[in-house]
Amino acid sequence: MTAVVETKGLGKRYGRRWALSDCTLSIPPGRVVGLVGPNGAGKTTLLNLAIGLLAPTSGVIEVLGGHPADGPSQLARVGFVAQETPTYSGLSVTDHLQMGAWLNPGWDNGLAIGRIQHLKLDPKQKAGKLSGGQRAQLALTLALAKRPELLILDEPVAGLDPLARREFLQVLMEAVAEHGVSVILSSHLVADLERVCDYLVVLVASRIQVAGEIESLLAGHRRLTGPRRDPSRLPANYRVIEASHTDRQSSLIVATDERVHDPVWTVEQIGLEDLVLAYMSRGVEVEKRQPAHVEVRP
Amino acid sequence: MIRFTLRQFRNVAVVSILVLVVLAVILAITGVPLVHLYDSTIRNCKAQGDCKEFLLTDRSLYVWLGIIVLVAPGIIGVFWGAPLVAGELENGTFRLAWSQSVTRTRWMVTKLGVVGLAAMASAALLSLMVTWWASPLDRVNMDLFGHFDERGIVAIGYAAFAFSLGVTAGILIRKTLPAMAVTLVAFVFARLAFVSWIRPNLFAPAYKALPLDPVSTGFATSGGSMSTATLIPAPPFISNAWVYSTQIVDKAGHALTHSFLARACPLLVSGKSAGVSSAGFGLLGHSATRSQAPAGAQSVLQDCVAKVGATFHELVTYQPASRYWPLQWYEMAIFLGAAVILAGFSTWWVRRRLT
Amino acid sequence: MIEFHLDSRSGVAPYLQVVQQVRQALRLGTLLEGDQLPTVKDVVARLAINPNTVLKAYKELEHAGLVAARPGIGTFVIRTLSDASLSAHGPLRQDLKRWLAKARKAGLDDESIEALFRDTFLSVSEEGVA
């Protein structure tokens, strides 16, 4: 099956700053992908490249086997909910649905109207007068009723209160269950993603730190606690992601495919949040060590 | 996409149509009697050569309508053009728009086409209504070129250009308010530059040689210094023409020099004849001013003009009335061309360069 | 019909929580043979979780022979975990209550009671294994 997003050496530069560099990814279909990273890590850049709002400076990106935004049929296959869920404040809810119907050949009007009724939105209400949660739901409805194969959402729940956040994710997950749409959503909060995602991409300081199925990522990482040790003297198949030491104790998060047999270590499973935080702080460390990080490209 | 563009444009369109309708009603109410008045009375007054009374009756509306036609393209550029894309960029709605199943190029071309055509249609309607309304007065005034920018079809070109200019400014600046300000300044500059530097050179002017008329020719110095004294011929009355300049030249085409004037009219140039200078200023051919000059001064001036007129004649450079419509078409085409170039540029920019 | 809930702080994988809740319900008799489990779409819409999580849980239950999927209709319970022992729950509960009252009388607080219970439970289990 074609990957929903496939990139090779993808990079985007603004002036002298690389917002995204050397990004190589292959995301299988049918997943709900969480794109996590601190603010300014390049999440929006990566998503906008996938949508075709941006053109890459280097490398290639393919979405559902095609070039992003390359013609109406490619556009029809990808739904997008942008950051802060922009809508036309002067147009009503009905106007927005009408726009969707006019501008998308695969528009599912029944789905759109059903969603609006279910949300109890007043069709005559101007979008500018909707609450943040309602606006986000309207934007999601527009993207879903397009019946895309891939739905991309940029920080969709960031500005929402917990209830609106839950409702938004409920609708999203229902659509995944019902239509089998692949989803990529970004967030700077792991908690948003824990329940809904089954694939994770951690992006820090314009680079991909880790990407993979959440289940295998969790299975492939361990927390080791034991007497103080130099992490560099660990077996070669242990990749240390995070290490903290006290006078006597070392606490490590390592990536390894094997079972840890050394009885010196107390071995623990780690949760998604710890895993993400470990990669995030590692990414930030790398950035700090190379403050004037400038890419040199042919 | 056309339907959605119309929907987005609806509020602006409704306001514009209302304005046009109100204006049309006013023009119909006042214009129809004007036509009757022309038909019934103007022929008589024209025969008597004095139609001032008729002219004065609707002066203020006549002036205001001209101003409306003059500023309407600017308003279109500022309020229709500048926010067209800048508004989407500013509010982030371009992300919503560009993720529908419509390519950016089609989105841009449709928006430009629909709103641009509306801009041109509005300007055309407005200008043609005013042209019809003012036609009786214009026929009396015999000064077609005096209202060149306020009549006919040039306003269509101006509106298209102002609109494209606004769109382009909005795309480059990406903020509605600054884009509106830049559009206004750039449009006014472009129009003034065109009027002063391009329009006079579109067609080679016609020339007309006239003998110097001792009665209507005036005398002037610049800065009160007698060393710059010269004679000023009155602009001749050429029906509906656009007079660029009137000069005093000899048969070889050389202009009247100060030294020649000093030799021919020592009395005048030395300023010994009291009242000459004051009489000379402003004597641009209107009998009202001239009659105030002292009789003595007048005869000195007339003698002088007669003497100079033996060698020199008056050369008028002008565009005749027959060039009015060619110039209208030409100017409209140039502004339309500029509008198309700007529209093409902004489409390219939206497709290739934006974000 | 059973309603699921998720505890995101428990550290237990979401799919396992669903499995455990079904087993618990089967054990306590709140789910009986022939009962239908909520559809994946319903669970997802209620809990805002990934559908694959629910599918995985249901597959595991199916694998354990507790439920069976009837395509196009839903997933149904085919075996319960409440056996004859269910009838013994009542008397045992009474015994426990009596024991708890005794423990409190002896001055044990909640924490001590729990610790004592767990300790005893573990040591008895180990003896059983050994």
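Below, read A as the first sequence line, B as the second, and so on, with proteins coming before strands; counting in each chain starts at 1.
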Is B:Phe9 atom CZ crowded by more than 12 heavy atoms from other residues, nucleotides or ligands, each under 6.0 Å away? yes
Hey, what do you get for CZ (B:Arg3) to CD (A:Gln98), rounding to the nearest 0.5 Å? 7.5 Å
Just verifying a value: how many Å separate A:His96 NE2 and B:Leu96 CG, rounded to the nearest 0.5 Å? 6.0 Å
Residue A:Glu6 excluded, over 12 heavy atoms near CD under 6.0 Å: yes
One option among A:Leu91, A:Val81, A:Ile51, A:Val78 has the most heavy-atom pairs under 4.5 Å with chain B, and it is A:Leu91
Nearest-0.5 Å distance that lies between atom CD1 in B:Ile2 and atom CH2 in A:Trp102: 11.5 Å
If you count heavy atoms of other groups shown closer than 6.0 angstrom to CZ of B:Phe79, is the number above 12? no
Under 4.5 Å heavy-atom distance to chain B, tell me which part of A:Leu142 shows up: side chain, backbone, both or neither. side chain
Give me the atom names and distance for the closest heavy-atom approach of B:Thr103 to A:Gly71. CG2-CA, 3.7 Å
Under a 4.5 Å cutoff for heavy-atom pairs, which residue among A:Asp95, A:Thr87, A:Asp154, A:Asp70 has the most contacts with chain B? A:Asp95
Compare every heavy atom of B:Ser101 with every heavy atom of A:Pro105, then report the nearest pair and how far apart it is. CD-CB, 3.5 Å
Find the distance between CG (A:Leu75) and CD (B:Gln100) and round it off to the nearest 0.5 Å. 9.0 Å
Within a radius of less than 6.0 Å around CH2 of B:Trp329, do more than 12 heavy atoms belonging to other residues, nucleotides or ligands occur? no
Atom NE2 of A:His67: over 12 foreign heavy atoms under 6.0 Å: no
Rounded to the nearest 0.5 Å, what's the gap from CH2 on B:Trp107 to CG on A:Leu103? Could you check? 11.0 Å
Most contacts with chain A, counted as non-hydrogen pairs under 4.5 angstrom, among B:Thr93, B:Val102, B:Thr105: B:Thr93
